[in-house]
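Heads up: the structure comes next, in structure tokens.
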Number of protein chains: 2
Amino acid sequence: MALSAALLAAAGDLTQRIHDGVSARGFTDLRPAHGFAFARLAPGGATVTDLAAHLGVTKQAASQLVDEIVRKGYAERRPHPEDARARLIVLTERGWTCTRAAEEAAAEVVGEWAGRLGEGEMRALRERLVRIAPHGPIRPVW
Amino acid sequence: MALSAALLAAAGDLTQRIHDGVSARGFTDLRPAHGFAFARLAPGGATVTDLAAHLGVTKQAASQLVDEIVRKGYAERRPHPEDARARLIVLTERGWTCTRAAEEAAAEVVGEWAGRLGEGEMRALRERLVRIAPHGPIRPVW
DNA sequence: TCATAAGGTCAAGCAGCTTGACTATATGGT
DNA sequence: ACCATATAGTCAAGCTGCTTGACCTTATGA
């Protein structure tokens, strides 16, 4: 199996299993794309335009996604403290709970891998992946 | 940066850059999903149902995808040699040329990573990824 | 031989994305 | 101070790729 194929297979598997884990914890109204949005919102909120750039979609699409997570109670729109044109999208308590659930689910998968590879191998794997990973916007695998 | 985030970022980057490389080689009418289909068709062809299971979509969706790549000249439907209900989808010469272009593009990206990590590190990375990669159907990252 | 399963396609509907148009606010040169 | 231009965001319409449901054909097995 080629490196590229193994990388794509592992990433797809990870996404699917995080999603399954989040669903199993009761958050059944979200898709994997929402998780990437939550990750961007978590530190201190973000604007719709920030989110759009991070997700690699138009700001209209990002705005629709925000509509959805606001409607479902995971985030809220606040006036932006420094720019009256903009709004700051921040996670609600429910949004934070869901984010923690996703982190738990990811840790479960990574933990299973660590059981197969061992801690030292996992550290080496992480270090190499970080060195080849880009810093720009997140991209879907296909 | 967490292992899971690095893995997803690297995989998304790889997909995007393979797609860009394939486009740059003249195949501008394909999307990343087609590459995963080609990979399944390449060895010796596959049925629509096989393809659907591999891509994780319904057989109707797989059939539509086959319609498209047949219409664009990358594959053709042949009668299945052992089952009169089924059809064997096989790559045309154009399909093979495109597959080689994708392999070249992937090799370019992997080569760039090798330049950063070194050959020994890359072998270790590949070996570890293979050990955590699943064998089931391919899954999109989101 | 006939009930049931499996491969494939046709048709309709829908979700998520795009482009285009628009309003409101910010920014910077004159 | 003013105005041209850029930026943040939303509304509306349309498209594409996927889904579900119905159906035909061929295979399988009791």
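Below, chain A is the first sequence line, B the second, and so on; all start at residue 1. Values reported hereafter were calculated over all heavy atoms of this structure, with side chains retained and with hydrogens, waters and symmetry mates removed.
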Taking the side chain as C-beta and beyond, is there a heavy-atom pair between Trp113(B) and Leu125(B) under 4.5 Å? no
Indicate yes or no: does Asp67(A) engage Arg71(A) in a salt bridge with an N to O separation below 4.0 Å. no
Please determine whether the number of non-hydrogen atoms from other residues, nucleotides or ligands lying under 6.0 Å from atom CZ of Arg78(A) exceeds 12. no
Salt-bridge present (Glu127(A), Arg131(A); N to O < 4.0 Å): yes
Check whether any side-chain nitrogen or oxygen of Arg77(A) sits under 4.0 Å from OP1 or OP2 of dG9(D), and answer yes or no. no
Only one of Thr99(B), Val66(B), Asp29(B) forms a side chain to side chain contact (heavy atoms under 4.5 Å, CB included) with Tyr74(B), so which one is it? Asp29(B)
How long is the line joining CZ of Arg87(B) and P of dA6(C), in whole Å? 20 Å
Pairs flagged by salt bridge (charged side-chain N to carboxylate O under 4.0 Å, His left out) wherever residues 53-62 of chain B is involved - sequence neighbours left out: none
Could you pick out which residue, Ala86(A) or Asp67(A), lies toward the 5' side of DNA chain D when each is mapped onto its nearest nucleotide? Ala86(A)
Return the value, rounded to whole Å, for the distance between atom CG of Leu55(A) and atom P of dT18(C). 10 Å
Does anything in residues 39-48 of chain A reach DNA chain D, meaning a heavy atom under 4.0 Å, and if so which residues? Thr47(A), Val48(A)
Expressed in angstrom and rounded to an integer, what is the separation of Lys72(B) atom NZ from dT16(D) atom P? 10 Å
How does each nucleotide of nucleotides 17-30 of chain D score, in 5' to 3' order, for protein heavy atoms under 4.0 Å: base (B), sugar-phosphate only (S), or none (-)? SBBBB----BS---
Judged by atom type as modelled, is there a donor-acceptor pair below 3.5 Å linking the side chain of Arg126(A) to the main-chain atoms of Ser4(B)? no
Atom CZ of Arg71(A) and atom P of dA15(C) are separated, to the nearest Å, by 10 Å
Glu104(B) vs Arg100(B), salt bridge (charged side-chain N to carboxylate O under 4.0 Å, His left out): CA-CA, chis, key distance, verdict: CA-CA 6 Å; Glu104(B) 285 172 21; Arg100(B) 283 189 295 269; over 6 Å; no
